[in-house]
Amino acid sequence: MTKKEYMIQVEDLEINREKVAEVEKVYHTEFPLLVQAIISNMSQPLFLEDCRVLAYSEIINASEDLKVDFVTNKMIPLVDCGENDFIVYHFDTKKWSMYNIIDNCAFMERESLEGLLN
């Protein structure tokens with residue numbers, strides 16, 4: 001699937017309230033509808049050209065698996081872009097960015113997910 005196709009599809013995805021509630025419990029916040037849709041529909045990883053949307057289980061366990069305290073840093077990883085770079089949603093600023101888990105730094109901040117996927 002292309003990134004453009006995914007952005008069109010994700011807007012129409014049904015929200016799974018149970019999954020969203022579990023993730024919001026882990027991250028101690030409420031997420032916007034786009035993030036809820038991504039969480040709801042990713043039982044398996046989804047490949048988009050050169051990146052991969054994380055599966056629900058990867059999102060739930062991200063801090064432990066990736067050795068980054070995403071909760072304290074107020075961000076949730078959603079897309080693995082390779083080379084230790086992830087697209088994250090910053091739930092304190094309501095912005096999107098790339099985040100390198102080795103360097104522990106955010107870069108390429110954007111207002112939308114689409115801005116990072118293009």
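Taking the six-membered ring where the residue is Trp, the centroids of Phe91 and Phe31 are separated by under 6.0 Å.
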Checklist entry - Under the side chain to side chain contact (heavy atoms under 4.5 Å, CB included) criterion, do Phe70 and Val26 qualify, and how do the steps go? => result CA-CA 10 Å; Phe70 289 105; Val26 168; over 6 Å; no
Checklist entry - Checking side chain to side chain contact (heavy atoms under 4.5 Å, CB included) for the pair Tyr27/Val35: CA distance, chi angles, key distance, verdict? => result CA-CA 12 Å; Tyr27 287 87; Val35 175; over 6 Å; no
Item to check | From CA spacing to verdict: side chain to side chain contact (heavy atoms under 4.5 Å, CB included), Val10, Leu13 | outcome: CA-CA 5 Å; Val10 77; Leu13 296 175; 3.6 Å; yes
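Counting heavy atoms from C-beta outward, Asn16 and Glu14 have side chains that stay 4.5 Å or more apart. Using a 4.5 Å heavy-atom cutoff, the side chains of Arg17 and Gln36 are in contact.
Residue Lys74 places its NZ atom among 12 or fewer non-hydrogen atoms of other residues, nucleotides or ligands, all under 6.0 Å distant. Surrounding CD of Glu30 are at most 12 heavy atoms belonging to other residues, nucleotides or ligands under 6.0 Å away.
Cluster membership for Ile38 and Ile8, using ILVMFWY side-chain heavy atoms within less than 4.5 angstrom, is not shared. No continuous path of ILVMFWY side-chain contacts below 4.5 Å connects Leu113 to Leu33, so the two sit in separate hydrophobic clusters.
Atoms CD and CD, on Gln9 and Glu11 in that order, are 11.0 Å from each other to the nearest 0.5 Å. From Thr93, atom OG1 reaches atom CE of Met75 across 10.5 Å, with rounding to the nearest 0.5 Å. Between the OH atom in Tyr89 and the CG atom in Leu116 there is a gap of 13.0 Å [rounded to 0.5 Å]. Here the CG-CD1 distance, from Asp65 to Ile101, works out to 10.0 Å after rounding to the nearest 0.5 Å. With values rounded to the nearest 0.5 angstrom, Phe86 atom CZ is found 9.0 Å from Asn100 atom CG.
Tested against Tyr56, the residues Ile60, Ile59, Leu54 include a single side-chain contact (heavy atoms from CB on, under 4.5 Å) partner, Ile60.
A donor-acceptor distance shorter than 3.5 angstrom exists from the side chain of Ser63 to the backbone of Val68, with no hydrogens or angles considered.
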